[in-house]
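This report refers to the structure that appears directly beneath it.
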Amino acid sequence: MMPIWSLESVIESPENRVSLTMVSDDMAARAARAFTRETLSAWGLEDLMDRTVLIVSELTTNAERHGRTPVDIERPADANGRMVVEHITLTLTVQSGIVGIEVEDNSPLPPIPRASGPDSLDGRGLLLVTAEADAWTACLNDDGSGKQVLAVVRRRESVPCGPTPKAHPLQSHSLAMEAFAMPAQHAPVAAPLPPRKKMEDAVTQHVLLLDLDGVLVDTRPVMQEAWRAVQQSHGIDLPFEMYEQHLGRPFNDIMERLELADADRIHQTYVEASKAAAPLARSFEGMEEVLHAFVAADWRLGVVTSKPLDRAAPLLAQLGCPFATVRAPGGPGRGKPAPDPLLLALVDLAADPASATYVGDMEVDDEAACRAGVSYVHAAWGYGAPGTPEPRIAQSPMDLLRLLNVIEESEPLIDGSLL
């Protein structure tokens with residue numbers, strides 16, 4: 001068996017560790033680069049200098065631009081009542097010639113994917129990190145006050161001829177978007193790492209696209225509370241079950257189907273109530289382990305949802321898994337049941353429809369997959385019944401692994417793990 005190493009061991013149990021705390025301003029990245037060069041020179045790791053400095057520079061810049069304390073969270077004050085200056089902490093570690101990078105900021109929100117056009121001046125930071133790091137992820141601080149973005153860099157050795165090793169679970173394969181990194185405290189990482197994939201190899205790799213509500217996360221209690229607020233605020237007597245029948249469609253489309261006017265005001269009420277009730281949402285049992293099993297089997301993962309990204313991101317952060325793309329309303333294209341969001345997700349991943357499977361729980365998901373030419377699996381644990389003709393049905397998240405031939409029907413699980 002190949003030796004096992006992990007991102008956590010490099011970060012948590014290193015041979016050497018040094019840290020630098022910087023004021024979160026436009027000088028932070030420069031200070032971080034100088035600190036990194038000095039540290040790696042002292043450790044005799046000049047051959048890893050360029051890649052490490054690039055990753056540190058991008059992560060520090062992202063922390064300065066996007067990692068400040070959110071406006072809805074009270075910032076700490078000093079003894080005189082003045083707001084404490086925002087800081088970024090860079091920690092470098094080394095273990096067996098592997099460099100660990102940890103950048104901590106004050107925002108609990110995970111890195112958000114952004115499409116980057118050929119003429120864009122920004123939006124490529126995490127894409128560069130994905131290209132140069134051997135593994136990276138993000139996780140919340142224990143007290144929820146901020147987050148840490150973690151990465152490792154190791155020497156890239158030539159890989160002998162033979163079967164291509166599987167990609168480790170923390171490595172993103174996004175070719176067109178910044179990776180959507182999620183907490184992965186329990187995701188193992190195996191060595192040796194595979195060489196970077198060529199474009200022609202990437203297009204044939206298996207892709208798993210998933211709906212959010214009713215597939216990844218149980219948000220029914222949240223939606224029920226939000227609809228109750230709509231009923232009370234707008235004098236609407238339609239039961240939640242009538243709203244639920246149309247889940248998966250854009251909100252305004254649902255309002256039109258329910259023949260409700262003033263959709264914008266209703267939507268505002270719904271959104272505010274949803275945010276207040278967000279703690280009621282829970283990921284489905286076993287889903288996190290199943291997602292990591294797919295990544296370990298060299299599948300690339302993406303999310304296609306009708307939930308706006310600002311509300312989807314905190315829910316996805318519960319799953320402890322990196323998604324290479326997240327498609328939500330607000331960008332180009334029509335919403336489901338149109339095939340646009342699925343096709344755009346495949347463009348993000350440089351993948352063909354024939355290599356992809358979409359997992360949903362409503363007939364609208366089935367229709368979108370059919371129109372996109374993508375294989376469809378119905379999540380029986382979700383909120384809707386399968387349509388006709390009846391698609392393939394997964395009875396549980398675990399059942400997805402067997403249905404999509406990730407594990408054999410009789411294959412045992414080791415030590416209670418799916419990996």
Side-chain angles (χ1 to χ4, degrees), residues 66 68-75 107-110 112-114 140 144 180 210-284 303-319 326-338 340-341 360-365 367-368 379 381-385:
H66 310 296
R68 298 178 183 274
T69 304
V71 294
D72 58 343
I73 296 179
E74 184 178 353
R75 287 176 55 188
S107 172
L109 296 178
I112 301 296
R114 289 192 295 139
L140 298 178
F180 194 90
L210 305 107
D211 187 24
L212 174 57
D213 299 285
V215 174
L216 292 171
V217 181
D218 183 7
T219 55
R220 179 184 268 128
V222 178
M223 293 186 289
Q224 288 175 325
E225 287 299 315
W227 191 251
R228 186 174 294 113
V230 166
Q231 291 173 316
Q232 294 173 352
S233 299
H234 300 276
I236 294 172
D237 58 3
L238 292 176
F240 171 75
E241 288 71 22
M242 292 190 65
Y243 172 81
E244 187 179 30
Q245 291 176 12
H246 305 288
L247 291 178
R249 297 179 181 272
F251 191 87
N252 284 355
D253 187 1
I254 298 178
M255 295 300 98
E256 183 176 343
R257 289 172 175 269
L258 295 178
E259 298 182 350
L260 295 175
D262 209 359
D264 290 342
R265 287 183 62 245
I266 293 175
H267 191 216
Q268 183 177 357
T269 300
Y270 188 91
V271 168
E272 292 173 355
S274 293
K275 290 180 178 179
L280 297 176
R282 294 288 185 273
S283 59
F284 286 103
V303 175
V304 176
T305 176
S306 295
K307 185 179 293 296
L309 191 57
D310 63 336
R311 285 160 48 211
L315 297 175
L316 293 174
Q318 298 181 15
L319 294 166
V326 176
R327 279 287 168 178
R334 302 162 293 174
K336 296 182 292 187
D340 305 23
D361 68 319
M362 305 295 292
E363 285 191 56
V364 67
D365 299 320
E367 182 180 343
W381 61 91
Y383 306 145

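Just so it is clear, the structure is predicted and the values come from calculations on it, not from any experiment. Residue indices begin at 1 and follow the sequence shown.
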Sequence neighbours excluded, the answer for side chain to side chain contact (heavy atoms under 4.5 Å, CB included) partners of P337 is R249, V364, E367, R371
Any side-chain donor paired with an acceptor under 3.5 Å for H66 and S107? no
Looking only at heavy atoms, the pair that brings G214 and D361 closest together is CA-OD2, 3.6 Å
With sequence neighbours excluded, residues passing salt bridge (Lys or Arg N to Asp or Glu O under 4.0 Å) with K307: D213
How about I254 and Y243: do any of their side-chain heavy atoms sit closer than 4.5 Å? yes
Residues which pass side chain to side chain contact (heavy atoms under 4.5 Å, CB included) with S274, listed by chain and number, not counting sequence neighbours: V222, A226, Y270, R311
Considering non-hydrogen atoms only, spot the tightest contact between P279 and A276 and give its length. CD-O, 3.6 Å
Y383 side chain vs T219 backbone, donor-acceptor pair below 3.5 Å: yes
Test: salt bridge (Lys or Arg N to Asp or Glu O under 4.0 Å). Region: residues 235-245. Which pairs qualify, not counting sequence neighbours? R220-E244
Heavy-atom closest pair, residues P250 and S306: N-OG, 4.4 Å
Interatomic distance, D211 atom CG to M362 atom CE [nearest 0.5 angstrom]: 9.0 Å
First locate atom NE2 of H246, then atom CD of E363, and finally report the distance between them rounded to the nearest 0.5 Å. 11.5 Å
Side-chain donor or acceptor of D365 paired with backbone N/O of G360 under 3.5 Å: no
Closest approach of D310 to P314 (non-hydrogen atoms, all atoms of both residues): O-CD, 3.3 Å
Those residues that, when tested against Q231, pass side chain to side chain contact (heavy atoms under 4.5 Å, CB included) (two or more places apart): W227, R228
Can you confirm whether L210 sits close enough to V304 that some side-chain heavy atom of one is under 4.5 Å from a side-chain heavy atom of the other? no
Using a 3.5 Å cut-off and no angle test, enumerate the donor-acceptor pairs between side-chain atoms of residues 256-268 and protein atoms at least two apart in sequence or in another chain.
residue	atom	partner	partner atom	Å
R257	NE	D253	OD1	3.3
D262	OD2	R265	NH1	2.7
Q268	NE2	E272	OE2	3.4

Is there a salt bridge (Lys or Arg N to Asp or Glu O under 4.0 Å) between R327 and D340? Walk through the geometry before answering. CA-CA 10 Å; R327 279 287 168 178; D340 305 23; over 6 Å; no
Apply the test side-chain contact (heavy atoms from CB on, under 4.5 Å) to residues V217 and R282: give CA-CA distance (whole Å), side-chain angles for both, the deciding distance (0.1 Å), then the verdict. CA-CA 6 Å; V217 181; R282 294 288 185 273; 5.8 Å; no
Can you confirm whether V303 sits close enough to L216 that some side-chain heavy atom of one is under 4.5 Å from a side-chain heavy atom of the other? yes
